[in-house]
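Below: one structure, written as structure tokens.
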Protein chains: 2
Amino acid sequence: MSAKQDEDALIGLAQEFRDALRQSVYVLRRLDAHGELSSAQLSVLKMALDGGARVGEIARDLGVKVPSATEQIIRLERAGLLRREADPNDSRAVRVAATAEGRAAVDLADRRRNERIAAILATLGRDERDAIRAALPVFHKINSSVRD
Amino acid sequence: MSAKQDEDALIGLAQEFRDALRQSVYVLRRLDAHGELSSAQLSVLKMALDGGARVGEIARDLGVKVPSATEQIIRLERAGLLRREADPNDSRAVRVAATAEGRAAVDLADRRRNERIAAILATLGRDERDAIRAALPVFHKINSSVRD
DNA sequence: ACCTAACTATTAGGCTACCTAAATATGAGC
DNA sequence: GCTCATATTTAGGTAGCCTAATAGTTAGGT
């Protein structure tokens with residue numbers, strides 16, 4: 001097979017991959033049920049679970065700019081799900097830590113979302129689930145490479 | 001393996017899958033370069049390529065409500081990339097058709113996006129690409145099942 | 001023929017989640 | 001102690017989605 005053909009095959013795969021990405025957005029949107037934590041908020045809150053995190057760390061982990069993280073944090077704080085406290089080592093920084101209510105909310109939302117996805121995965125054949133399982137680490141790798 | 005263990009494995013897979021979905025959103029965001037058609041607009045415009053489509057059809061295909069589709073269509077019309085015309089068979093309906101400029105814009109945006117993705121896929125090993133390839137149809141199936 | 005119910009699209013108003021630029025405050029190096 | 005870098009917040013803006021209300025068109029029943 002020529003280099004040109006390789007290139008074409010790669011572009012074709014890219015096109016299909018792009019479609020899958022787009023569809024993933026819609027799947028994720030459906031997963032956001034009313035009255036529950038949104039995907040974005042859940043992600044922020046999860047970072048605030050163990051020992052707390054700084055605003056900048058949260059933003060970096062989520063792939064958004066700092067002001068976007070601040071916005072979510074403020075909302076979650078108003079909802080009583082996390083607290084902002086001064087960092088003892090660096091008073092420029094703010095440490096964000098989940099409250100007990102926050103922990104409970106993460107627990108509940110996580111469980112519900114997993115159940116919804118699991119219900120879908122349960123309708124797949126074993127080979128299909130295996131295909132998904134095999135692809136997940138590659139998705140992870142792709143994401144990391146895009147982050148930089 | 002007990003049914004309980006099966007269930008647990010499924011939940012675990014669901015959790016990983018959810019992470020991958022979330023990451024997909026970020027990958028897709030990075031793919032939206034400045035000054036180019038957005039993902040959403042590109043999708044709308046693609047539907048308007050061959051023979052035109054009705055607003056409702058576009059909305060359904062994109063998994064959004066009709067007013068959201070209208071909004072994108074209006075923007076694209078203002079940009080000169082598509083035209084809205086009365087449907088000859090049903091004057092309630094509106095047919096949306098891409099202009100020559102629209103076609104060119106789709107072409108360009110599609111090529112650029114595919115190139116960006118292909119560049120990432122090129123960094124993967126053959127087995128990793130195969131894993132992606134095998135998973136894509138399953139993603140498609142999952143999406144369809146969520147749509148209903 | 002007509003009236004009602006169903007359908008198609010738009011308008012109006014509102015929300016979330018992102019962004020950039022500017023302001024504020026603290027820390028660190030010389 | 002000045003200056004420069006770092007951490008966060010505030011202010012203002014945009015895209016893209018939503019629901020509810022409106023207007024026009026079609027189709028079905030009597």
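The model shown is predicted, which means the values in this text are computed figures rather than measured ones. Residue numbers start from 1 in every chain, and the chains themselves are labelled A, B, ... in the order their sequence lines are given, proteins ahead of strands.
Contact check, A/T70 against D/dT10: no side-chain N or O comes under 4.0 Å of OP1 or OP2. The side chain of B/R84 contributes no N or O atom lying less than 4.0 Å from OP1 or OP2 of C/dA9. Distances shown here put a side-chain N or O of B/S91 below 4.0 Å from the OP1 or OP2 atom of D/dT26. Put simply, B/Q72 has a side-chain N or O that comes within less than 4.0 Å of OP1 or OP2 on D/dC17.
Taking atom CD1 of residue B/I74 and atom P of nucleotide C/dT10, one finds them 6 Å apart after rounding to whole Å. C/dA17 atom C1' lies 13 Å from atom CG of A/L28, rounded to whole Å. At whole-Å resolution of the value, CG in B/L62 and P in D/dC18 are 10 Å apart. Atom P of nucleotide C/dC19 and atom CG of B/D32 are separated by 12 Å, given to the nearest angstrom. If you take CD of B/E57 and C1' of C/dA9, they are 13 Å apart, rounded to a whole angstrom. If you take CD1 of A/I73 and P of D/dA7, they are 14 Å apart, rounded to a whole angstrom. Regarding B/E71, its CD atom lies at a distance of 13 Å from the C1' atom of D/dT19, rounded to whole Å. If you take CG of B/D87 and C1' of D/dG24, they are 14 Å apart, rounded to a whole angstrom.
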Inset, instruction - Please test A/L49 against A/R103 for side-chain contact (heavy atoms from CB on, under 4.5 Å), starting from the C-alpha separation and ending with a verdict. - result: CA-CA 7 Å; A/L49 279 185; A/R103 276 168 209 287; 3.7 Å; yes
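Of the listed nucleotides (C/dT10, D/dC18, D/dT9), C/dT10 has the atom at the smallest distance from the side chain of B/V94. Side-chain atoms of B/Y26 lie closest to C/dC18 of the nucleotides C/dA25, C/dT11, C/dC18. Closest to the side chain of B/V64, from the set D/dA15, D/dT10, D/dC18, is D/dC18.
A salt bridge links A/E128 with B/K141: the closest approach of a Lys/Arg side-chain nitrogen to an acidic carboxylate oxygen falls below 4.0 angstrom.
A/T70 places a side-chain N or O within 3.5 Å of a backbone atom of A/V66 that can act as its donor or acceptor partner.
Checked by distance alone, A/R92 brings no side-chain donor or acceptor within 3.5 Å of a matching partner on the base of D/dT8.
Between A/R113 and A/S39, the side chains place a donor N or O and an acceptor N or O closer than 3.5 Å (distance only, hydrogens not considered).
A residue-by-residue look at A/R29 and A/D90 shows that A/D90 has its nearest nucleotide of DNA chain D further toward the 5' end.
The aromatic rings of A/F139 and A/F17 sit tilted relative to each other, their planes meeting at an angle between 30° and 60°.
Residue-level contact check: B/V66 touches the bases, meaning some heavy atom is under 4.0 Å from a base atom. Here B/S68 lies in heavy-atom contact (under 4.0 Å) with a base.
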